[in-house]
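Structure, as structure tokens:
When a ligand or atom number is given, it counts from 1 through the structure's own listing order.
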Amino acid sequence: MEISVVVPCYNEAPTILEFHKLLTESLKKENLTYELIMVDDGSEDDTMEKLRSITKKDKSVKVISFSRNFGKEAAMLAGLKHCNGKYVAIMDADLQHTPEVLLKMYDKLIKNPEYDVVASYKESRYDEKTIKRTLISLFYRINNFVSDVKLLPGASDFRIFKSTVKDAIVSLPEKTRFLKGIFAWVGFNTIYMPYTPSKREYGSSKWSIFKLIKYSLGGIISFSTKPIKGVFVIGLLCFMICLINFILMGYLSSRTIILLIGIVLLCLGVISLYISRIYSNLLGRPCYIIREKIGFEQKKVK
Ligand code: UDP
Ligand code: MG
């Protein structure tokens, strides 16, 4: 089989049928053998019923359904673990990632055999609010300053890659996953292709500001120990400033003390991020729990 397309779906009932129709039409037009691995990430709407109806008509579609919402990262991991294609693609179900761009990326990959990944990056984010855009660009700046894995601003999970890359990604044992960082960490030759995501016509983005901050902080600490090492440097600096202050003035002003308390709390916050990461990895709980699988028992589609 040529291509496996992994599609994380959470409350995508309004678009899922249209998405399936558009994608399969495009893949069939190119005479490509394919499978679609659609992962229902614990949707509360009737996404699962729609996926079930798709599998009845289309044997190239396989569905994995989670016991609850585990998040897009878990859905992508489950999809990657279940695919068999020579090439693997990841696409959103909300029609923001178009089959035309997917085919362009596929074309680039097969025409450049020395490359292993074709990754898209968002050229424009016109449908996102200014505060969200500012936070996202701040995340890339901070990440690329402190982290060992550098990310291209606007990097997206919308990619196509060889199965060797997929094998490397699923072999990583970490429980808290940040796929954009994992792609950068595993390496391989990557071509970046700009694209402008289509506007979301139905439903809304699942990313609230709070979720975005949590995800970004998680991403940074996944690949860098600089923030926790920085706590030592900040501590040392504060100590020296206070010592000089005390020697020169004989006391510490209440302003200095309040500032120090703030710095200490901030440092504790950084340490707690790492401790909570150690704790959740120590518990060793799986990234997701599967409630049902459809289409996997049948003979492999050519
Ligand atoms: N998604 C998911 N689980 C979640 C949140 C999102 O599987 O908890 C899926 C969602 O159905 C979509 C993709 O991830 O196919 C991207 O989500 P969204 O459109 O909310 O993100 P954005 O395009 O705003 O980055
Ligand atoms: Mg979207």
Check: Under 3.5 Å, N or O to N or O, is Asn69 touching ligand 1 that way?
Finding: yes

Check: Can a salt bridge be assigned to the pair Asp40 and Arg291 using a cut-off of 4.0 Å between side-chain N and carboxylate O?
Finding: no

Checklist line | Lys72/Asp41 under side chain to side chain contact (heavy atoms under 4.5 Å, CB included): CA gap, chis, key distance, verdict | finding: CA-CA 7 Å; Lys72 185 183 176 188; Asp41 183 14; 5.5 Å; no

Next item on the list: Can you sort out the partners of Pro194 under side-chain contact (heavy atoms from CB on, under 4.5 Å), two or more places apart, ordered by chain and number?
Entry: Tyr121, Glu123

Note to self: Taking 4.0 angstrom as the limit and counting only heavy atoms of Glu12, give me the atoms of ligand 1 inside it, by number and element.
What the structure shows: 10 (C), 11 (O), 12 (C), 15 (O)

Margin query: Applying side-chain contact (heavy atoms from CB on, under 4.5 Å), can you list everything that pairs with Val149, at least two apart in sequence or on another chain?
Written below: Ser147, Ala184, Trp185, Phe223

Next item on the list: For the Mg ion (ligand 2), state how many protein N, O or S atoms fall inside a distance shorter than 2.8 Å.
Entry: 2

Notebook entry, point to check: Quick one: are the ring centres of Phe178 and Tyr215 less than 6.0 Å apart?
Noted result: yes

Item checked: Phe161/Asp116 under side chain to side chain contact (heavy atoms under 4.5 Å, CB included): CA gap, chis, key distance, verdict -> CA-CA 6 Å; Phe161 40 94; Asp116 307 292; 6.0 Å; no

Next item on the list: Scan side-chain atoms only and decide if Glu2 and Tyr106 contain a donor-acceptor pair under the 3.5 Å cut-off.
Entry: yes

Next item on the list: Using a 4.0 Å heavy-atom threshold (strictly under), name the region of Asp41 that reaches ligand 1: side chain, backbone, both or neither.
Entry: side chain

Check: Parallel, tilted or perpendicular: which fits the ring planes of Phe66 and Tyr288, with parallel below 30° and perpendicular above 60°?
Finding: parallel

Checklist line | Residue portion contacting ligand 1 (non-hydrogen atoms closer than 4.0 Å) for Val39 | finding: neither

Notebook entry, point to check: At a non-hydrogen distance cut-off of under 4.0 Å, which region of Lys72 contacts ligand 1 (side chain, backbone, both, or neither)?
Noted result: both

Next item on the list: Applying side-chain contact (heavy atoms from CB on, under 4.5 Å), name anything that partners Thr24, two or more places apart in sequence or on another chain.
Entry: His20, Tyr34, Leu36, Asp58

Check: Side chain, backbone, both or neither: which part of Cys9 comes within less than 4.0 Å of ligand 1 when only heavy atoms are counted?
Finding: backbone

